[in-house]
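Report on the following structure.
What you see is a predicted model; the values in this text were computed from it and never measured.
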Amino acid sequence: MRTLLGLSLFAVIVGAVFARQATHPVDPQKPPPGKFSDVTSALGVRFNYISSHTPKHYLPETMGAGAALFDYDNDGRLDLFLVNGAPLLDPTPKGTIPQKTGPNHWNRLYHQKPDGTFQDVTEKAGLQGTSYCMGVAVGDYDNDGFEDLYVTALGGNKLYHNNGDGTFTDVTEKAGAAGGGWSTSAAWVDLDNDGLLDLVVLRYVQWDFDDIWCGEHKEGYRSYCHPDIFQPIAPLVYHNDGNGHFTEVSQKIGLSKPGKGLGIALADYDRDGHIDLFVANDSMVEFLYHNKGDGTFEEVSLLSQVAVDGDGRTYAGMGVDFADYNNDGLPDLVITDLANQRYALYQNNGDGTFTYASFASGLARSTMTHSGWGVRFFDYDNDGWKDLLIAQGHDLDTIEINYPNLRYREPMLLLRNNGKNFVDVSADSGALFREPWLGRGMAIGDIDNDGRLDAVVTTNDGPVHVLHNETPTQNHWLTLKLVGHNSNRDAIGAEVKLVTATGPQFVTVSTAASYLSSSDKRVHFGLGAESLAQSIEIRWPSGVTQALKNVRADQILQVDEPPPGAVTK
């Protein structure tokens with residue numbers, strides 16, 4: 001293991017861009033709320049997502065797109081990839097695949113420079129894209145040490161291989177991973193523990209450009225159709241064959257149940273050593289796929305009590321995260337949905353079942369009138385408890401006509417985990433939490449490597465926002481960059497248990513979760529007042545277990561997977 005970056009030098013370099021306010025002693029009985037600033041313009045990021053609204057109210061216009069935070073050139077700094085739409089005709093002929101017509105609709109890659117600002121390198125990288133794009137998934141599928149991109153779309157997806165020289169090559173046809181239909185979120189994960197990342201691609205509904213009028217038949221009242229009108233569709237699962245080619249195996253391995261998938265997240269919820277998958281479905285039962293350990297999966301959401309809410313009703317599942325928010329060693333679930341439904345929180349009981357905890361945790365009270373999309377558990381103040389950040393905004397531009405108490409555009413939501421429940425601290429966490437957006441995708445990562453997690457949020461038919469975490473705190477932190485050798489190089493699926501004098505924390509390595517987006521693969525821990533991690537235990541996907549002792553805080557540490565049978569300390 002070794003230190004990845006000289007943090008003191010890096011802090012000096014980026015100091016000119018990120019204006020720091022001095023930290024102050026923290027009252028442990030009353031920690032401060034978060035403080036986030038919108039630094040998009042200061043960083044040189046200029047991007048507007050274009051959804052191409054038409055009077056026909058085609059459903060894709062409501063969905064927005066995702067973002068990815070990842071280090072594509074291995075310089076230790078996170079870069080930014082943004083997904084864009086394409087023009088829609090009015091009317092658009094049935095069977096049409098919309099195509100990008102110019103730079104306004106390009107996807108964009110921004111490279112982070114040593115001074116912390118970003119440079120648009122889209123054309124050099126070859127990532128302008130085609131078609132009406134939706135989501136992005138990051139993973140090193142060929143274990144060459146460079147992160148690759150999978151971009152989902154309406155009518156055909158793209159796999160871009162990272163060449164390691166700042167450019168990407170479209171290898172979709174060669175890889176056999178184009179898909180079809182309307183694809184949304186995707187996740188890289190080694191489903192069979194062969195050391196190669198496989199790919200799970202969600203699809204939304206069976207949809208085409210039919211001219212269907214929904215809402216009242218008078219001017220200004222036409223609305224977007226409810227997903228109940230459309231039939232569900234099965235996801236696509238691409239097994240990595242190890243030679244640059246993928247084979248679609250969804251039916252073979254039991255991941256072919258038709259759904260209306262929008263969000264996907266992964267974790268080993270029953271602690272049996274095999275990674276499981278959760279799919280957030282829109283307006284139907286949610287899916288929990290249990291990994292049986294023999295290369296196949298079974299859908300167990302009803303048995304596990306995560307299929308519906310606490311009242312037995314379905315809801316508009318959109319964004320999702322799968323992480324241990326109460327530090328008991330068991331991954332829990334959070335799913336966002338539309339106003340009047342309450343965001344869903346499921347606490348893992350440890351026996352294969354979950355308890356609907358939205359009311360007991362305070363989440364229901366804070367979210368009843370909100371509509372959420374991208375969501376992540378993350379420790380914004382480094383106190384050792386995972387908080388919640390949520391991108392919000394309704395999908396119906398007519399919602400305020402029919403429901404005057406609800407809003408089409410909404411501010412972000414920040415909920416602080418105090419160890420017992422979630423408390424809304426949005427109003428005290430900066431001006432941007434009072435700005436109404438049509439929030440959609442969201443990626444999380446420490447953009448400036450200062451130990452505080454930042455966020456990138458996309459909006460529908462609007463600009464992207466880079467949220468810089470400036471929360472004043474003296475709490476310590478530790479970030480781990482895991483590098484697999486027998487396991488997949490990204491270590492996706494690895495589980496990390498960190499213990500300090502105040503107790504344990506647990507994290508699963510993943511770039512998936514949220515909505516249509518891909519987050520930094522590095523795992524981050526807030527340590528509170530503790531300046532030392534007494535122990536770190538890593539369970540690699542290969543089955544190798546590695547232990548580290550007395551690791552100092554406030555650093556980014558690279559940890560390489562040891563060979564089987566190696567003695568670790």
Which residues pass the side-chain hydrogen bond (donor to acceptor under 3.5 Å, both in side chains) test with [X], not counting sequence neighbours?
| X | result |
| --- | --- |
| D71 | none |
| Y72 | none |
| T367 | none |
| T355 | N349 |

Using the test side-chain contact (heavy atoms from CB on, under 4.5 Å), find all partners of [X] that sit at least two apart in sequence or belong to another chain.
| X | value |
| --- | --- |
| N405 | Y403 |
| T40 | D38, V45, V464, H465, V466 |
| S37 | K35, V39, E470 |
| A68 | F70, F81, V136, V138, S518 |

Approximate separation, where rounding is to 0.5 Å, of R522 CZ and L557 CG
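It comes to 12.0 Å.
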Rounded to the nearest 0.5 Å, how far does CD of E286 lie from OH of Y315?
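Going from OH on Y315 over to CD on E286, the span is 4.0 Å.
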Salt bridge present between D321 and K386 (N-O < 4.0 angstrom)
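Result for this pair is no, no salt bridge flagged.
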Pair D337 + R342: basic N to acidic O under 4.0 Å:
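A salt bridge is absent here (no side-chain N lies under 4.0 Å from a carboxylate O).
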Ring centroid separation for Y269 and F354, is it under 6.0 angstrom?
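Yes, close enough.
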How about Y356 and Y346: are their ring centroids closer than 6.0 Å?
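Ring centres of Y346 and Y356 closer than 6.0 Å.
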Looking at residues at least two apart in the chain, or sitting in another chain, which of them share a salt bridge (charged side-chain N to carboxylate O under 4.0 Å, His left out) with E147?
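Partners of E147 by the salt bridge (charged side-chain N to carboxylate O under 4.0 Å, His left out) criterion, ordered by chain and then number, come out as K521.
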Return the set of residues passing salt bridge (charged side-chain N to carboxylate O under 4.0 Å, His left out) with D282 (not counting sequence neighbours), or none when no residue passes.
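Per chain and number, D282 pairs via salt bridge (charged side-chain N to carboxylate O under 4.0 Å, His left out) with no residue.
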If you look only at distance, which donor and acceptor atoms sit under 3.5 Å apart when one is on a side chain in residues 56-64 and the other is two or more places apart or in another chain?
unit_1	atom_1	unit_2	atom_2	d
K56	NZ	D90	OD1	3.2
H57	ND1	P55	O	3.2
H57	NE2	R222	O	3.1
H57	NE2	D397	OD2	3.4
Y58	OH	T92	N	2.9
E61	OE1	H53	ND1	3.3
E61	OE1	T54	N	3.2
E61	OE1	Y224	OH	2.7
E61	OE2	T54	N	3.2
E61	OE2	T54	OG1	2.7
E61	OE2	Y58	N	3.1
T62	OG1	L59	O	2.9

Please name the pair of heavy atoms, one in A455 and one in L389, separated by the smallest distance, quoted to 0.1 Å.
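Scanning both residues completely, I find the closest heavy atoms to be CB-CD2, 3.7 Å.
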Between T479, N382, D379, D446, which is the residue that forms a side chain to side chain donor-acceptor pair (under 3.5 Å) with H524?
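The residue from T479, N382, D379, D446 that satisfies side chain to side chain donor-acceptor pair (under 3.5 Å) with H524 turns out to be N382.
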Cationic tip of R409 above W437 ring, under 6.0 Å, 45° of axis:
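No, R409 and W437 do not form such a contact.
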Run the salt bridge (Lys or Arg N to Asp or Glu O under 4.0 Å) check on R416 and D383 step by step: do they pass?
CA-CA 10 Å; R416 184 177 181 275; D383 67 348; 3.0 Å; yes
For F422, which residues count as a ring-ring contact (aromatic ring centres under 6.0 Å, His included) partner, sequence neighbours excluded?
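Expected list: Y325.
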